[in-house]
**Student:** 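Sharing a structure below in structure tokens format, with a few things to ask.
Note that the structure is a prediction, hence the values are computed from the model and not measured. Every chain is numbered from 1, with letters handed out A, B, ... down the list of sequences.
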Number of protein chains: 2
Amino acid sequence: MSEFDLIRRFFIDLGAARTDVALGVGDDCALLEIPAGQQLAVSIDTLSAGVHFFSDCEPAAVGHKALAVGLSDLAAMGAQPAWATLALTLPSAELEWIEGFSRGFAALATAHGVQLVGGDTTRGALSVTVQVHGFIPKGAAVRRSGAQVDDVICVSGTLGDAGLALRGLRAGTAVTTELRQRLEYPTPRVALGLELREIATAMIDLSDGLAGDLEHILAASNVGAKLALAQLPLSAQVAEVVAQTGDWALPLAAGDDYELCFCVPAARLDAAQTIAEQCGCAIHSIGHICAATGLEYRLNNGEQWKMTRRSFDHFAIECD
Amino acid sequence: MSEFDLIRRFFIDLGAARTDVALGVGDDCALLEIPAGQQLAVSIDTLSAGVHFFSDCEPAAVGHKALAVGLSDLAAMGAQPAWATLALTLPSAELEWIEGFSRGFAALATAHGVQLVGGDTTRGALSVTVQVHGFIPKGAAVRRSGAQVDDVICVSGTLGDAGLALRGLRAGTAVTTELRQRLEYPTPRVALGLELREIATAMIDLSDGLAGDLEHILAASNVGAKLALAQLPLSAQVAEVVAQTGDWALPLAAGDDYELCFCVPAARLDAAQTIAEQCGCAIHSIGHICAATGLEYRLNNGEQWKMTRRSFDHFAIECD
């Protein structure tokens, strides 16, 4: 089967069918139409086998996650997803793998009204690059730079589940289906991000871990933050690990959560809770923004806790 | 040096500075503005070390070519380049390599008014994925599907130079600087593609070789073509190889030409020549479109020539 046959068979206009796609897969470029008054939001991300997923990970999960990480970026700006492009590098043309991959990708794309409009398939080490494209009314995007002193810091969902699943899979110990789903099929918080656009002052999605990602908000906004560790939303399994070890690095720095971290004025916290309930996605306040730069972690007894392990960083991880 | 330091140092808003970039590198998404009445044209391509370029290729050439192949796709639709995103996968953070890569990328981006607006750096086997974004007035794009019976088929530049350079580099024989430049620093025919928009009925860029790429136009337009091999524009070196071997596969199927192949009504051939002169890029007519499907090659003596080697295909090449 040739490259062109592959593309035709699995990737022709996969996902939703959108009327704003003047020309999809199959020419030199896709031709796309952006609604009047909207800005285009784009984000590109690569997942490589052996780095971002296990080489024997089920292909549908790779397809799901490759799109999910991009949708999570759109969510973090408050953008409405529209289109995706896909650059897929494969060591060989294994039809069963490609079929599974496209199935996982298509299911998530369809659920979010996203159409695949372009792509490239090449031979090489297994790797997936996806660019997502979304719409956002001009000037309405939630950036990292808007956090204000005294804003409340919130996160969606729970933290550290994907990290715990990864730890278990690496160690070869039993991993519950629920935890494994959190690692392999993360849920991008698209509806929540869209609805929070009106009230969030700053927002980011948690890909590298709360500690490192929140630092990006603090740096961009030129502020600091104090977090109450006891307020971090944890699943029972992650809470147990933290209780046993006294180490908060798992929920703070293991990464791959794909939850949203955002800031709201204290007076809008109730509104944020109402939005979260409507979106069916729990949020929790975990601390507040302060003028003094730096990120402080406080234990329940009032003592400060120091993290030694750094936030996930692709080039720094080798030094860990 | 961390991933974030790397990005900051080399890739912050590299290339041209554009006023339609509301937010560039450094947040979850870039925010971009498309002019009223224009469609967005996008194309994504991956170059992998050992497949699309030699692992020891100079990094500036990799940076140049990674962007050039995308600009060539924009040219083939008649789109005006605007932005690029870059997903760079590196085995390690070698500053010298990254500096050279970004220099080659930036030079071509600046020359075409392109701004780098987003990216991702990950660890893994050396690979570069670039998405290009351009503008095109609604309905004005030149597609592959518009070729009409009796249209003249033209190509820009010369064919087979990159293929001959690659052959020499693989064999370890001497390769002239000029040939090597054709392989490593291809020139996307952006101005030519833009100017041809008014008269070309169908267009494609030659990445896989004329034979395979023209077949895409024929299939999309549901027509056939007859080519006069003696009319193929060849450099002296490629002409010598063809004369010695009697094999036309080098200019027809070696790929990596990044020239434009397009169709025009016979009455517009003079206009196309005038445009080509204004763009400083020679074009040659090489045959014509016919109703009977299939692609025929005719020798000067009127005999038909048959190609045995297939057009470059990433998954089929292993069977060659």
**Student:** Give the minimum heavy-atom separation between B/Ala22 and A/Gln39, together with the two atoms involved.
**Tutor:**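 So the minimum-distance heavy-atom pair works out to CB-NE2, 3.3 Å.
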**Student:** Which bit of B/Ile44 comes within less than 4.5 Å of chain A, counting heavy atoms only: side chain, backbone, both or neither?
**Tutor:** both
**Student:** Chain B heavy atoms under 4.5 Å from A/Ala125: which part of the residue, side chain, backbone, both or neither?
**Tutor:** side chain
**Student:** Determine whether B/Leu23 and A/Met77 make a side-chain contact, defined as any pair of heavy atoms from C-beta on separated by less than 4.5 Å.
**Tutor:**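 The answer is yes; the side chains approach within 4.5 Å.
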**Student:** Compare all side-chain heavy atoms of A/His133 with those of B/Gln131 and state whether any distance is below 4.5 angstrom.
**Tutor:** yes
**Student:** Looking at B/Ala87, B/Gly124, B/Gly50, which makes the most heavy-atom pairs under 4.5 Å with chain A?
**Tutor:**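 Among the listed options, the one with the most contacts to chain A is B/Ala87.
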**Student:** Do you know which of A/Ala79, A/Ala75, A/Ala30 has the most heavy-atom pairs under 4.5 Å to chain B?
**Tutor:**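 Top option by heavy-atom pairs under 4.5 Å: A/Ala30.
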**Student:** Can you pull the salt bridge (Lys or Arg N to Asp or Glu O under 4.0 Å) pairs that have at least one residue in residues 66-77 of chain A, sequence neighbours excluded?
**Tutor:**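 For residues 66-77 of chain A, and leaving out neighbouring residues, there are no salt bridge (Lys or Arg N to Asp or Glu O under 4.0 Å) pairs at all.
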**Student:** Using a 4.5 angstrom heavy-atom cutoff, name the option from A/Ser127, A/Gly119, A/Ala220 with the most pairs to chain B.
**Tutor:**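 Sorted descending by pairs with chain B, the first entry is A/Gly119.
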**Student:** Considering non-hydrogen atoms only, spot the tightest contact between A/Thr46 and B/Asp120 and give its length.
**Tutor:** N-OD2, 2.9 Å
**Student:** Can you tell me how far OG1 of B/Thr121 sits from CG of A/Asp45, rounded to the nearest 0.5 angstrom?
**Tutor:**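 Nearest 0.5 Å value for the CG-OG1 distance: 10.0 Å.
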**Student:** So which part of B/Leu86 gets closer than 4.5 Å to some heavy atom of chain A, the side chain, the backbone, both or neither?
**Tutor:** backbone
**Student:** Given a strict heavy-atom distance threshold of 4.5 Å, which part of A/Ser48 is in contact with chain B: side chain, backbone, both, or neither?
**Tutor:**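 The side chain, not the backbone.
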**Student:** For A/Thr122 and B/Val51, what are the C-alpha separation, side-chain angles and deciding distance, and is it a side chain to side chain contact (heavy atoms under 4.5 Å, CB included)?
**Tutor:** CA-CA 9 Å; A/Thr122 52; B/Val51 179; 5.8 Å; no
**Student:** Heavy-atom pairs under 4.5 Å with chain B - which of A/Asp20, A/Ile217, A/Leu40 has more of them than the others?
**Tutor:** A/Leu40
**Student:** What residues, two or more places apart in sequence or in another chain, satisfy salt bridge (charged side-chain N to carboxylate O under 4.0 Å, His left out) together with A/Arg144?
**Tutor:**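 Scan of A/Arg144 (salt bridge (charged side-chain N to carboxylate O under 4.0 Å, His left out), adjacent residues dropped) gives B/Asp27, B/Asp28.
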**Student:** Is any side-chain heavy atom of A/Glu33 closer than 4.5 Å to a side-chain heavy atom of B/Gln38?
**Tutor:** no
**Student:** Over all heavy atoms of both residues, which pair between B/Ile136 and A/Leu31 is shortest? Give the atoms and the distance, please.
**Tutor:**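 Distance-wise, the nearest heavy atoms are CG2-CD2, 3.9 Å.
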**Student:** Pick from B/Cys29, B/Gly26, B/Ala41, B/Ser43: which one has the most heavy-atom pairs with chain A under 4.5 Å?
**Tutor:**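 The answer is B/Cys29.
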